[in-house]
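Everything below concerns the one structure shown next.
As the structure is a prediction and not an experimental result, all values here were calculated from the model.
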Amino acid sequence: MTLRLFDTATRSERDFVPLETGKVGIYLCGPTVQSSPHVGHLRSAVAFDVLQRWLERSGHDVTMVRNVTDIDDKTLVKAADAGVEWWAWALRYEREFQAAYAAVGVRAPAAEPRATGHIPEIIALVQALVDNGHAYELDGSVYFDVHSFPAYGALTRQALEDLTPAPDAPADAKRDPRDFALWKAHKAGEPETAGWDSPWGRGRPGWHIECSAMARRYLGREFDIHGGGLDLRFPHHENEQAQSRAAGDPFARMWMHSAWVTQSGAKMSKSLGNGLLVTEVLAHYPAPALRLALAQVHYRSMLEYSEQTMDDAAATWARLAGFVVRASDKVGAVTPEQVGAAPLPEPFVIAMNDDLGVPRALAHVHETVRAGNAAFTAGDDATLASALLSVRSMLDVLGLDPGAPEWAGAGAGSSAAMAALDSMVRADIDARAEARAAKDWATADAIRDRLAAAGIVVEDGADGVRWSLSVDD
RNA sequence: GGUGGAGUGGCCGAGAGGCGAGGCAGCGGCCUGCAAAGCCGUAUACGUGGGUUCGAAUCCCAUCUCCACCUCCA
(Lines give C-alpha, C1' and ligand atoms only; values in the text may rest on other atoms or scores of the structure.)
Protein backbone atom coordinates (compact mmCIF):
# COMPACT_ATOMS: atom_id res chain seq x y z
CA MET A 1 0.00 0.00 0.00
CA THR A 2 1.58 3.25 -1.06
CA LEU A 3 1.25 6.74 0.20
CA ARG A 4 -0.30 9.15 -2.24
CA LEU A 5 0.20 12.87 -1.81
CA PHE A 6 -1.23 15.85 -3.61
CA ASP A 7 1.51 17.64 -5.51
CA THR A 8 0.77 21.31 -6.03
CA ALA A 9 3.04 21.43 -9.04
CA THR A 10 0.99 18.90 -10.99
CA ARG A 11 -2.25 19.59 -9.14
CA SER A 12 -2.80 15.88 -8.73
CA GLU A 13 -2.29 13.09 -6.28
CA ARG A 14 0.87 11.10 -6.93
CA ASP A 15 2.48 8.05 -5.43
CA PHE A 16 5.13 9.17 -3.04
CA VAL A 17 8.49 7.73 -4.06
CA PRO A 18 11.47 9.00 -2.07
CA LEU A 19 14.66 9.91 -3.83
CA GLU A 20 16.45 7.40 -1.64
CA THR A 21 14.50 4.42 -0.36
CA GLY A 22 13.66 4.71 3.29
CA LYS A 23 14.75 8.34 3.56
CA VAL A 24 12.75 11.52 3.14
CA GLY A 25 13.99 15.09 3.03
CA ILE A 26 11.44 17.80 3.69
CA TYR A 27 11.98 21.53 3.52
CA LEU A 28 9.25 23.51 5.21
CA CYS A 29 8.99 27.26 5.02
CA GLY A 30 8.95 28.48 8.59
CA PRO A 31 8.02 31.78 10.12
CA THR A 32 9.20 35.28 9.45
CA VAL A 33 9.86 36.17 13.05
CA GLN A 34 8.58 39.70 13.26
CA SER A 35 5.43 39.32 15.37
CA SER A 36 3.73 36.88 17.71
CA PRO A 37 2.39 33.64 16.30
CA HIS A 38 -1.35 33.24 15.79
CA VAL A 39 -3.24 30.00 15.36
CA GLY A 40 -3.03 30.27 11.57
CA HIS A 41 0.74 29.98 11.76
CA LEU A 42 0.42 26.74 13.63
CA ARG A 43 -1.64 25.10 10.94
CA SER A 44 1.14 24.34 8.47
CA ALA A 45 3.46 23.30 11.26
CA VAL A 46 0.90 20.83 12.58
CA ALA A 47 0.04 19.57 9.10
CA PHE A 48 3.66 18.80 8.27
CA ASP A 49 4.28 17.37 11.72
CA VAL A 50 1.51 14.88 10.98
CA LEU A 51 3.14 14.15 7.62
CA GLN A 52 6.46 13.53 9.31
CA ARG A 53 4.91 11.25 11.91
CA TRP A 54 3.07 9.28 9.26
CA LEU A 55 6.18 8.88 7.12
CA GLU A 56 8.16 7.71 10.13
CA ARG A 57 5.44 5.34 11.17
CA SER A 58 5.57 3.99 7.63
CA GLY A 59 9.24 3.22 8.06
CA HIS A 60 10.96 6.30 6.67
CA ASP A 61 13.83 8.21 8.15
CA VAL A 62 12.71 11.81 7.85
CA THR A 63 14.93 14.86 7.80
CA MET A 64 12.77 17.89 8.44
CA VAL A 65 14.26 21.30 7.81
CA ARG A 66 12.23 24.33 8.78
CA ASN A 67 13.86 27.69 8.26
CA VAL A 68 13.58 30.90 10.21
CA THR A 69 13.46 34.11 8.23
CA ASP A 70 15.15 36.38 10.73
CA ILE A 71 15.71 39.40 8.53
CA ASP A 72 13.37 41.18 6.18
CA ASP A 73 11.94 44.63 5.58
CA LYS A 74 9.23 44.37 8.19
CA THR A 75 11.52 43.10 10.88
CA LEU A 76 13.84 46.05 10.36
CA VAL A 77 11.00 48.55 10.38
CA LYS A 78 9.22 47.11 13.40
CA ALA A 79 12.38 46.80 15.43
CA ALA A 80 13.38 50.36 14.58
CA ASP A 81 9.93 51.63 15.56
CA ALA A 82 10.24 49.82 18.87
CA GLY A 83 13.75 51.07 19.44
CA VAL A 84 15.09 47.54 19.58
CA GLU A 85 17.96 45.97 17.67
CA TRP A 86 16.50 44.03 14.77
CA TRP A 87 18.38 40.87 15.73
CA ALA A 88 17.01 41.02 19.26
CA TRP A 89 13.54 41.61 17.87
CA ALA A 90 13.82 38.60 15.58
CA LEU A 91 15.13 36.30 18.28
CA ARG A 92 12.36 37.32 20.64
CA TYR A 93 9.72 36.21 18.17
CA GLU A 94 11.69 33.17 17.12
CA ARG A 95 11.44 32.03 20.73
CA GLU A 96 7.71 32.72 20.75
CA PHE A 97 7.24 30.60 17.65
CA GLN A 98 9.31 27.78 19.08
CA ALA A 99 7.25 27.85 22.26
CA ALA A 100 4.01 27.82 20.27
CA TYR A 101 5.14 24.91 18.10
CA ALA A 102 6.26 22.91 21.10
CA ALA A 103 3.04 23.65 22.96
CA VAL A 104 0.95 21.92 20.33
CA GLY A 105 3.27 18.97 20.04
CA VAL A 106 5.10 19.89 16.85
CA ARG A 107 8.41 18.18 17.19
CA ALA A 108 11.60 20.11 16.68
CA PRO A 109 12.96 19.84 13.13
CA ALA A 110 16.32 18.28 12.43
CA ALA A 111 17.57 21.70 11.43
CA GLU A 112 16.17 25.18 11.93
CA PRO A 113 18.47 27.31 9.81
CA ARG A 114 18.34 31.10 9.92
CA ALA A 115 18.79 33.25 6.88
CA THR A 116 21.44 35.39 8.55
CA GLY A 117 23.46 32.31 9.38
CA HIS A 118 23.86 31.36 5.74
CA ILE A 119 25.15 34.48 4.04
CA PRO A 120 28.11 32.68 2.39
CA GLU A 121 25.83 30.06 0.86
CA ILE A 122 23.46 32.77 -0.32
CA ILE A 123 26.21 34.84 -1.88
CA ALA A 124 27.60 31.80 -3.64
CA LEU A 125 24.20 31.00 -5.11
CA VAL A 126 23.60 34.55 -6.24
CA GLN A 127 27.05 34.66 -7.79
CA ALA A 128 26.35 31.47 -9.69
CA LEU A 129 23.15 32.99 -11.08
CA VAL A 130 24.99 36.13 -12.12
CA ASP A 131 27.70 34.04 -13.74
CA ASN A 132 25.32 31.93 -15.77
CA GLY A 133 23.30 34.87 -16.95
CA HIS A 134 20.13 34.45 -14.92
CA ALA A 135 20.74 37.46 -12.71
CA TYR A 136 22.16 40.94 -13.03
CA GLU A 137 23.53 43.55 -10.70
CA LEU A 138 22.10 47.04 -10.50
CA ASP A 139 23.27 49.69 -8.05
CA GLY A 140 24.53 47.14 -5.58
CA SER A 141 21.43 44.97 -5.75
CA VAL A 142 21.10 41.76 -7.71
CA TYR A 143 17.90 40.74 -9.50
CA PHE A 144 16.75 37.50 -11.01
CA ASP A 145 16.00 37.93 -14.71
CA VAL A 146 12.65 36.21 -15.16
CA HIS A 147 12.91 36.36 -18.95
CA SER A 148 16.11 34.34 -18.83
CA PHE A 149 14.25 31.37 -17.42
CA PRO A 150 11.51 30.13 -19.77
CA ALA A 151 10.01 27.84 -17.15
CA TYR A 152 9.26 30.78 -14.88
CA GLY A 153 5.65 30.45 -13.73
CA ALA A 154 5.57 26.67 -14.12
CA LEU A 155 4.82 25.94 -10.49
CA THR A 156 1.73 28.11 -10.30
CA ARG A 157 0.83 28.24 -13.98
CA GLN A 158 1.36 31.91 -14.28
CA ALA A 159 2.03 33.48 -17.64
CA LEU A 160 4.54 36.27 -17.32
CA GLU A 161 2.43 38.74 -19.25
CA ASP A 162 -0.57 38.16 -17.01
CA LEU A 163 1.15 39.01 -13.78
CA THR A 164 0.29 42.31 -12.22
CA PRO A 165 3.58 44.11 -11.62
CA ALA A 166 4.30 44.82 -7.98
CA PRO A 167 3.03 48.32 -7.29
CA ASP A 168 5.99 49.20 -5.12
CA ALA A 169 8.59 47.90 -7.51
CA PRO A 170 11.01 50.35 -9.03
CA ALA A 171 9.83 49.41 -12.48
CA ASP A 172 12.07 51.85 -14.26
CA ALA A 173 15.22 50.47 -12.70
CA LYS A 174 14.88 46.75 -13.23
CA ARG A 175 14.92 45.19 -16.66
CA ASP A 176 11.42 43.93 -15.97
CA PRO A 177 9.14 44.84 -13.08
CA ARG A 178 8.68 41.15 -12.38
CA ASP A 179 12.36 40.56 -11.78
CA PHE A 180 12.83 39.92 -8.08
CA ALA A 181 15.65 40.75 -5.72
CA LEU A 182 18.22 38.13 -4.83
CA TRP A 183 20.43 40.58 -3.00
CA LYS A 184 19.38 43.95 -1.64
CA ALA A 185 21.88 46.78 -1.43
CA HIS A 186 22.28 48.33 1.97
CA LYS A 187 20.05 51.37 2.31
CA ALA A 188 20.88 54.56 4.12
CA GLY A 189 19.16 54.54 7.48
CA GLU A 190 19.23 50.79 7.91
CA PRO A 191 21.41 49.49 10.73
CA GLU A 192 25.01 48.61 9.89
CA THR A 193 24.38 45.21 11.44
CA ALA A 194 21.74 44.52 8.78
CA GLY A 195 24.36 44.28 6.05
CA TRP A 196 27.04 41.90 4.88
CA ASP A 197 29.89 42.36 2.46
CA SER A 198 29.39 40.82 -0.93
CA PRO A 199 30.81 41.02 -4.44
CA TRP A 200 28.17 43.70 -5.10
CA GLY A 201 28.92 45.75 -2.03
CA ARG A 202 27.29 45.75 1.35
CA GLY A 203 23.78 44.38 1.48
CA ARG A 204 21.44 41.67 2.66
CA PRO A 205 19.68 38.70 1.09
CA GLY A 206 16.37 38.96 -0.70
CA TRP A 207 13.48 37.00 0.68
CA HIS A 208 13.39 33.99 -1.60
CA ILE A 209 17.06 33.18 -1.98
CA GLU A 210 17.59 31.97 1.59
CA CYS A 211 15.34 28.96 1.10
CA SER A 212 17.11 27.91 -2.08
CA ALA A 213 20.49 28.21 -0.41
CA MET A 214 19.52 26.48 2.82
CA ALA A 215 17.55 23.68 1.19
CA ARG A 216 20.62 22.89 -0.88
CA ARG A 217 22.91 22.97 2.14
CA TYR A 218 20.85 20.67 4.34
CA LEU A 219 18.98 18.48 1.87
CA GLY A 220 21.08 18.60 -1.26
CA ARG A 221 20.40 19.82 -4.75
CA GLU A 222 17.38 17.57 -5.06
CA PHE A 223 15.05 16.58 -2.26
CA ASP A 224 11.66 15.00 -1.76
CA ILE A 225 9.12 17.47 -0.47
CA HIS A 226 8.90 21.20 -0.16
CA GLY A 227 6.09 22.48 1.99
CA GLY A 228 4.50 25.63 3.24
CA GLY A 229 1.31 27.59 3.47
CA LEU A 230 -0.82 28.02 0.40
CA ASP A 231 -0.11 31.73 0.32
CA LEU A 232 3.57 31.04 -0.29
CA ARG A 233 3.01 29.44 -3.67
CA PHE A 234 3.40 32.70 -5.45
CA PRO A 235 5.68 34.46 -5.55
CA HIS A 236 7.84 32.82 -2.91
CA HIS A 237 7.88 29.21 -4.04
CA GLU A 238 7.71 30.04 -7.70
CA ASN A 239 10.77 32.22 -7.28
CA GLU A 240 12.58 29.65 -5.18
CA GLN A 241 12.11 26.99 -7.79
CA ALA A 242 13.11 29.32 -10.60
CA GLN A 243 16.34 30.44 -9.00
CA SER A 244 17.33 26.97 -7.82
CA ARG A 245 16.67 25.36 -11.17
CA ALA A 246 18.34 28.20 -13.00
CA ALA A 247 21.35 27.44 -10.79
CA GLY A 248 21.24 23.81 -11.91
CA ASP A 249 19.50 22.23 -8.93
CA PRO A 250 16.64 19.82 -9.68
CA PHE A 251 15.21 21.09 -6.37
CA ALA A 252 11.96 19.81 -4.81
CA ARG A 253 10.40 16.71 -6.34
CA MET A 254 7.02 17.46 -4.85
CA TRP A 255 5.28 20.52 -3.44
CA MET A 256 2.75 20.43 -0.66
CA HIS A 257 0.73 23.37 0.58
CA SER A 258 -1.54 23.63 3.57
CA ALA A 259 -4.63 25.81 3.48
CA TRP A 260 -5.25 28.67 5.81
CA VAL A 261 -7.42 29.32 8.82
CA THR A 262 -10.43 31.53 8.20
CA GLN A 263 -12.78 33.51 10.38
CA SER A 264 -16.21 34.14 8.89
CA GLY A 265 -14.76 32.99 5.61
CA ALA A 266 -11.86 35.43 5.56
CA LYS A 267 -8.25 34.44 5.97
CA MET A 268 -6.67 34.94 9.35
CA SER A 269 -3.60 37.05 8.87
CA LYS A 270 -1.19 39.39 10.46
CA SER A 271 -1.94 42.18 8.05
CA LEU A 272 -5.69 41.91 8.58
CA GLY A 273 -5.19 42.06 12.30
CA ASN A 274 -7.63 39.23 12.89
CA GLY A 275 -5.01 36.80 14.06
CA LEU A 276 -5.83 34.89 17.20
CA LEU A 277 -2.71 34.76 19.32
CA VAL A 278 -1.63 31.29 20.30
CA THR A 279 -0.98 32.43 23.84
CA GLU A 280 -4.55 33.69 24.16
CA VAL A 281 -6.05 30.42 23.01
CA LEU A 282 -3.79 28.36 25.22
CA ALA A 283 -4.75 30.45 28.23
CA HIS A 284 -8.27 29.07 27.93
CA TYR A 285 -7.95 25.65 26.35
CA PRO A 286 -5.72 22.60 26.68
CA ALA A 287 -2.93 22.61 24.12
CA PRO A 288 -3.89 19.22 22.64
CA ALA A 289 -7.37 20.60 21.98
CA LEU A 290 -5.81 23.31 19.83
CA ARG A 291 -3.73 20.73 18.00
CA LEU A 292 -6.86 18.66 17.46
CA ALA A 293 -8.75 21.68 16.14
CA LEU A 294 -5.96 22.36 13.65
CA ALA A 295 -5.36 18.77 12.62
CA GLN A 296 -8.90 17.45 12.31
CA VAL A 297 -9.69 19.31 9.10
CA HIS A 298 -7.96 18.05 5.96
CA TYR A 299 -4.80 20.07 5.47
CA ARG A 300 -5.83 21.29 2.02
CA SER A 301 -9.25 22.52 3.15
CA MET A 302 -9.90 25.88 4.68
CA LEU A 303 -10.36 25.62 8.41
CA GLU A 304 -13.19 27.83 9.60
CA TYR A 305 -12.37 29.06 13.07
CA SER A 306 -15.09 30.39 15.29
CA GLU A 307 -15.76 30.66 18.99
CA GLN A 308 -17.28 27.23 18.83
CA THR A 309 -14.24 25.62 17.25
CA MET A 310 -12.24 25.38 20.43
CA ASP A 311 -15.21 24.40 22.57
CA ASP A 312 -15.89 21.51 20.21
CA ALA A 313 -12.25 20.50 20.05
CA ALA A 314 -11.91 20.63 23.81
CA ALA A 315 -14.97 18.41 24.21
CA THR A 316 -13.60 15.94 21.69
CA TRP A 317 -10.23 15.91 23.38
CA ALA A 318 -11.89 15.30 26.73
CA ARG A 319 -13.75 12.35 25.25
CA LEU A 320 -10.59 10.84 23.79
CA ALA A 321 -8.47 11.47 26.85
CA GLY A 322 -11.24 10.28 29.14
CA PHE A 323 -11.47 7.00 27.30
CA VAL A 324 -7.74 6.41 27.55
CA VAL A 325 -7.69 7.18 31.28
CA ARG A 326 -10.70 5.01 32.08
CA ALA A 327 -9.58 2.16 29.90
CA SER A 328 -6.03 2.27 31.27
CA ASP A 329 -7.35 2.13 34.83
CA LYS A 330 -9.41 -0.88 33.93
CA VAL A 331 -7.09 -3.00 31.81
CA GLY A 332 -3.69 -1.53 32.50
CA ALA A 333 -1.60 1.13 30.81
CA VAL A 334 -0.01 0.64 27.43
CA THR A 335 3.71 1.29 27.07
CA PRO A 336 5.10 3.73 24.50
CA GLU A 337 6.82 0.79 22.83
CA GLN A 338 3.49 -0.99 22.40
CA VAL A 339 1.93 2.19 21.04
CA GLY A 340 4.66 2.55 18.46
CA ALA A 341 4.61 -1.08 17.42
CA ALA A 342 0.91 -1.88 17.35
CA PRO A 343 -0.58 -2.65 13.96
CA LEU A 344 -2.83 0.15 12.80
CA PRO A 345 -6.41 -0.54 11.70
CA GLU A 346 -6.84 -0.85 7.96
CA PRO A 347 -9.37 1.98 7.57
CA PHE A 348 -7.00 4.32 9.36
CA VAL A 349 -4.07 3.35 7.16
CA ILE A 350 -6.10 3.68 3.99
CA ALA A 351 -7.27 7.13 5.00
CA MET A 352 -3.80 8.35 5.91
CA ASN A 353 -2.25 6.97 2.76
CA ASP A 354 -4.77 8.91 0.70
CA ASP A 355 -3.10 12.31 0.96
CA LEU A 356 -3.24 12.29 4.76
CA GLY A 357 -6.97 11.82 5.15
CA VAL A 358 -6.99 12.81 8.78
CA PRO A 359 -10.76 13.46 8.96
CA ARG A 360 -11.55 9.92 7.84
CA ALA A 361 -8.77 8.54 10.02
CA LEU A 362 -10.25 10.33 13.00
CA ALA A 363 -13.69 8.99 12.18
CA HIS A 364 -12.24 5.52 12.64
CA VAL A 365 -10.67 6.59 15.92
CA HIS A 366 -14.08 7.68 17.14
CA GLU A 367 -15.64 4.42 16.07
CA THR A 368 -12.97 2.52 17.93
CA VAL A 369 -13.49 4.63 21.02
CA ARG A 370 -17.20 3.91 20.90
CA ALA A 371 -16.56 0.20 20.58
CA GLY A 372 -14.11 0.44 23.46
CA ASN A 373 -16.60 2.23 25.67
CA ALA A 374 -19.23 -0.37 24.85
CA ALA A 375 -16.77 -3.11 25.78
CA PHE A 376 -16.02 -1.26 29.00
CA THR A 377 -19.70 -1.29 29.94
CA ALA A 378 -20.05 -4.92 28.94
CA GLY A 379 -17.02 -5.91 30.96
CA ASP A 380 -15.25 -7.26 27.90
CA ASP A 381 -11.69 -6.47 28.95
CA ALA A 382 -10.02 -8.16 26.00
CA THR A 383 -11.88 -6.01 23.52
CA LEU A 384 -11.33 -2.96 25.67
CA ALA A 385 -7.57 -3.54 25.85
CA SER A 386 -7.41 -3.99 22.12
CA ALA A 387 -9.38 -0.80 21.53
CA LEU A 388 -7.18 1.12 23.94
CA LEU A 389 -3.99 0.09 22.18
CA SER A 390 -5.53 0.78 18.81
CA VAL A 391 -6.80 4.22 19.78
CA ARG A 392 -3.52 5.29 21.31
CA SER A 393 -1.56 4.08 18.30
CA MET A 394 -3.76 5.93 15.85
CA LEU A 395 -3.72 9.10 17.91
CA ASP A 396 0.03 8.80 18.26
CA VAL A 397 0.37 9.15 14.50
CA LEU A 398 -1.59 12.37 14.74
CA GLY A 399 0.46 13.59 17.68
CA LEU A 400 -2.63 13.34 19.85
CA ASP A 401 -2.03 10.29 22.02
CA PRO A 402 -3.45 11.28 25.42
CA GLY A 403 -0.93 8.98 27.06
CA ALA A 404 2.06 10.63 25.39
CA PRO A 405 4.54 12.43 27.66
CA GLU A 406 3.98 15.80 25.99
CA TRP A 407 0.38 15.83 27.14
CA ALA A 408 1.08 14.73 30.68
CA GLY A 409 -0.72 17.16 32.92
CA ALA A 410 -3.31 17.96 30.29
CA GLY A 411 -5.85 16.03 32.30
CA ALA A 412 -3.82 12.90 32.81
CA GLY A 413 -2.98 13.68 36.40
CA SER A 414 0.60 12.50 36.60
CA SER A 415 2.41 15.54 37.89
CA ALA A 416 3.33 16.13 41.50
CA ALA A 417 0.79 18.92 41.73
CA MET A 418 -1.95 16.62 40.49
CA ALA A 419 -0.92 13.99 43.02
CA ALA A 420 -1.12 16.55 45.80
CA LEU A 421 -4.49 17.72 44.56
CA ASP A 422 -5.65 14.14 44.40
CA SER A 423 -5.00 13.56 48.10
CA MET A 424 -7.01 16.67 48.91
CA VAL A 425 -9.89 15.78 46.66
CA ARG A 426 -9.94 12.21 47.93
CA ALA A 427 -10.87 13.47 51.39
CA ASP A 428 -13.94 15.17 49.96
CA ILE A 429 -14.79 12.19 47.86
CA ASP A 430 -14.61 9.91 50.91
CA ALA A 431 -16.84 12.25 52.88
CA ARG A 432 -19.28 12.29 50.02
CA ALA A 433 -19.20 8.49 49.86
CA GLU A 434 -20.20 8.34 53.52
CA ALA A 435 -23.04 10.77 52.93
CA ARG A 436 -24.21 8.76 49.94
CA ALA A 437 -24.07 5.55 51.95
CA ALA A 438 -26.31 7.23 54.50
CA LYS A 439 -28.55 8.46 51.66
CA ASP A 440 -27.82 12.00 52.76
CA TRP A 441 -28.13 13.34 49.24
CA ALA A 442 -28.08 16.98 50.28
CA THR A 443 -24.63 16.66 51.83
CA ALA A 444 -23.34 14.51 48.99
CA ASP A 445 -24.50 16.98 46.37
CA ALA A 446 -23.14 19.93 48.34
CA ILE A 447 -19.70 18.36 48.30
CA ARG A 448 -19.96 17.67 44.60
CA ASP A 449 -21.12 21.21 43.90
CA ARG A 450 -18.27 22.68 45.92
CA LEU A 451 -15.72 20.65 43.96
CA ALA A 452 -17.41 21.61 40.71
CA ALA A 453 -17.14 25.28 41.65
CA ALA A 454 -13.42 24.72 42.08
CA GLY A 455 -13.21 23.25 38.61
CA ILE A 456 -13.23 19.61 39.61
CA VAL A 457 -15.69 17.21 38.07
CA VAL A 458 -16.75 14.17 40.07
CA GLU A 459 -18.15 11.14 38.30
CA ASP A 460 -19.66 8.04 39.87
CA GLY A 461 -18.72 5.01 37.86
CA ALA A 462 -19.67 1.41 38.35
CA ASP A 463 -16.11 0.71 39.45
CA GLY A 464 -15.70 3.68 41.74
CA VAL A 465 -15.59 7.44 41.86
CA ARG A 466 -13.21 9.39 39.70
CA TRP A 467 -12.46 13.07 39.44
CA SER A 468 -10.92 15.27 36.78
CA LEU A 469 -10.29 18.89 36.08
CA SER A 470 -13.06 20.47 34.06
CA VAL A 471 -12.20 21.89 30.69
CA ASP A 472 -11.89 25.67 30.54
CA ASP A 473 -13.93 27.67 28.15
C1' G B 1 -7.47 41.09 -15.95
C1' G B 2 -4.55 36.26 -14.86
C1' U B 3 -4.21 31.75 -11.67
C1' G B 4 -6.35 28.58 -8.11
C1' G B 5 -10.11 27.05 -4.51
C1' A B 6 -15.00 26.69 -2.16
C1' G B 7 -20.56 26.42 -1.62
C1' U B 8 -23.17 19.50 2.20
C1' G B 9 -28.26 18.92 7.69
C1' G B 10 -28.55 23.89 13.84
C1' C B 11 -22.86 24.04 13.72
C1' C B 12 -17.96 21.88 12.28
C1' G B 13 -16.66 18.88 8.64
C1' A B 14 -15.72 13.81 5.24
C1' G B 15 -17.25 11.59 0.78
C1' A B 16 -17.43 11.89 -4.71
C1' G B 17 -22.86 7.79 -9.58
C1' G B 18 -26.59 3.28 -6.09
C1' C B 19 -26.34 0.63 1.74
C1' G B 20 -27.05 9.07 4.11
C1' A B 21 -18.32 9.25 7.31
C1' G B 22 -17.40 11.27 12.00
C1' G B 23 -17.86 14.98 15.87
C1' C B 24 -20.67 18.81 18.56
C1' A B 25 -25.55 20.49 19.60
C1' G B 26 -31.07 18.48 19.63
C1' C B 27 -34.77 14.72 20.65
C1' G B 28 -36.25 9.65 22.80
C1' G B 29 -34.42 5.70 25.78
C1' C B 30 -30.86 2.66 29.07
C1' C B 31 -27.77 3.43 33.32
C1' U B 32 -27.77 6.84 37.97
C1' G B 33 -30.51 8.61 44.56
C1' C B 34 -30.03 12.99 41.12
C1' A B 35 -26.19 14.02 37.91
C1' A B 36 -21.85 13.30 34.96
C1' A B 37 -19.60 9.96 31.76
C1' G B 38 -20.88 6.04 28.66
C1' C B 39 -24.17 3.13 25.53
C1' C B 40 -28.61 2.42 22.15
C1' G B 41 -32.06 4.78 18.84
C1' U B 42 -33.53 9.14 15.95
C1' A B 43 -34.87 13.98 12.64
C1' U B 44 -32.95 17.61 9.45
C1' A B 45 -28.40 17.70 3.44
C1' C B 46 -25.63 18.33 -0.64
C1' G B 47 -25.96 27.12 -3.89
C1' U B 48 -29.56 27.67 -8.37
C1' G B 49 -31.52 26.06 -13.32
C1' G B 50 -31.21 22.52 -17.03
C1' G B 51 -29.20 17.80 -19.00
C1' U B 52 -26.99 12.54 -19.14
C1' U B 53 -28.41 7.91 -16.50
C1' C B 54 -32.55 2.61 -14.39
C1' G B 55 -30.28 5.81 -10.55
C1' A B 56 -26.47 12.23 -9.28
C1' A B 57 -24.46 15.54 -3.57
C1' U B 58 -21.17 12.92 -6.92
C1' C B 59 -20.82 13.33 -14.44
C1' C B 60 -22.03 17.44 -18.37
C1' C B 61 -23.79 22.59 -19.57
C1' A B 62 -25.25 27.18 -17.75
C1' U B 63 -25.68 30.42 -13.69
C1' C B 64 -25.23 32.85 -8.75
C1' U B 65 -22.33 33.68 -4.41
C1' C B 66 -17.90 33.55 -1.57
C1' C B 67 -12.56 33.16 -0.83
C1' A B 68 -7.33 33.31 -1.89
C1' C B 69 -2.77 34.51 -4.66
C1' C B 70 -0.72 38.00 -8.44
C1' U B 71 2.59 43.48 -2.58
C1' C B 72 4.32 41.02 3.15
C1' C B 73 1.77 36.67 4.86
C1' A B 74 1.33 29.73 7.48
Could you tell me how the ring of A/Y218 sits relative to the ring of A/H118: parallel (under 30°), tilted (30 to 60°) or perpendicular (over 60°)? perpendicular
Across the strands shown, which category fits A/L42 at heavy-atom distances under 4.0 angstrom: base, sugar-phosphate, nothing? nothing
Given atom CG of A/L398 and atom P of B/G23, what is their separation to the nearest angstrom? 16 Å
Taking the same atom, P, in B/U3 and in B/G9, what whole-Å distance lies between them? 31 Å
Distance, rounded to the nearest Å, where A/N239 contributes CG and B/U71 contributes C1': 12 Å
What interatomic distance, in whole Å, is found between C1' of B/C59 and the corresponding atom of B/C54? 16 Å
Hydrogens and angles aside, do A/E240 and A/S212 bring a side-chain donor and acceptor to less than 3.5 Å of each other? no
What distance, rounded to whole Å, do you find between the two P atoms, one in B/G2 and one in B/G15? 30 Å
Between atom SG of A/C211 and atom CD of A/Q243, what is the distance when rounded to the nearest 0.5 Å? 8.5 Å
On the 0 to 90° scale, with breaks at 30° and 60°, tag the A/F144-A/Y152 ring pair as parallel, tilted or perpendicular. tilted
Round to the nearest Å and state the distance from A/H236 atom NE2 to B/A68 atom P. 21 Å
Under 4.0 angstrom, heavy atoms only, what part of the nucleic acid is A/H257 near: base, sugar-phosphate, or nothing? nothing
Please state the C1' separation for the pair B/C64 and B/C72 - nearest whole angstrom. 33 Å
So what does A/L362 touch, heavy atoms closer than 4.0 Å: a base, only the sugar-phosphate, or nothing? nothing
Taking NZ, NE, NH1 and NH2 as the nitrogens, is one of them in A/R448 or A/D445 under 4.0 Å from a carboxylate oxygen of the other? yes
Expressed in whole Å, how much space separates the P atoms belonging to B/G22 and B/U42? 12 Å
Hey, which sits more toward the 5' end of RNA chain B by its nearest nucleotide, A/W260 or A/C29? A/W260
At 4.0 Å (heavy atoms only), tell me whether A/G265 reaches a base, stays on the sugar-phosphate, or touches nothing. sugar-phosphate
A/R436 and A/D460 ion-paired at < 4.0 Å: yes
Write down the distance separating the P atoms in B/C27 and B/A35, rounded off to the nearest Å. 14 Å
Between A/A159 and A/A259, which has a closest nucleotide on RNA chain B that is more 5'? A/A159
Indicate, with a heavy-atom threshold strictly under 4.0 Å, whether A/E367 touches base, sugar-phosphate, or nothing. sugar-phosphate
By nearest atom, which of the nucleotides B/C24, B/G2, B/A21 is closest to the A/D162 side chain? B/G2
As a quick check of understanding, evaluate side chain to side chain donor-acceptor pair (under 3.5 Å) for A/E210 and A/T69, giving each step before the final call. CA-CA 8 Å; A/E210 63 181 76; A/T69 300; 2.7 Å; yes
Ion pair present between A/R426 and A/D422, side-chain N to carboxylate O less than 4.0 angstrom? yes
May I ask you to establish whether A/R157 and A/F234 are in a cation-pi arrangement, using a distance under 6.0 Å from NZ or CZ to the six-membered ring centre and at most 45° from the ring axis? no
Taking atom CG of A/D139 as the centre, report whether more than 12 heavy atoms of other residues, nucleotides or ligands fall under 6.0 Å from it. no
Can you check the distance between B/G55 and B/A6, where both ends of the measurement are the P atom (answer in whole Å)? 28 Å
Does the protein touch nucleotides 31-39 of chain B at the base, only the backbone, or not at all? Give it as B, S and - per nucleotide, heavy atoms under 4.0 Å. --BBBBSSS
Between A/D72 and A/K74, is the closest basic N to carboxylate O distance under 4.0 Å? no
Rounded to the nearest Å, what distance is computed from the CZ atom of residue A/R178 to the P atom of nucleotide B/G2? 15 Å
Could you tell me the separation between the CG atom of A/L303 and the P atom of B/C12, rounded to a whole number of Å? 11 Å
Please pick, from B/A21, B/A74, B/C72, the nucleotide with the shortest atom-to-atom distance to any side-chain atom of A/P235. B/C72
To the side chain of A/V297, which of B/C72, B/G13, B/G22 is closest? B/G13
Lys/Arg-Asp/Glu bridge criterion (N-O < 4.0 Å) met for A/R14, A/D7: yes
Looking for any heavy atom pair under 4.0 Å, which part of the strands does A/S301 touch: base, sugar-phosphate only, or nothing? sugar-phosphate
A/H41 side-chain proximity, nearest of B/A74, B/G23, B/G13: B/A74
Paired and unpaired positions of RNA chain B as dot-bracket, Watson-Crick or G-U wobble under 3.5 Å, | denoting a partner strand: (((((((..(((.....[...))).(((((.......)))))....(((((..]....))))))))))))....
A/M302 CE to B/G4 P, in whole Å, measures 17 Å
Just how far, in rounded Å, is P of B/C70 from CD of A/Q158? 10 Å
Using the C1' atom in both, what is the distance from B/U44 to B/C39, to the nearest Å? 23 Å
Is there, by distance only and without an angle test, a donor paired with an acceptor across the side chain of A/K267 and the base of B/C67 below 3.5 Å? no
Nearest-Å distance, OH (A/Y93) to P (B/C72)? 21 Å
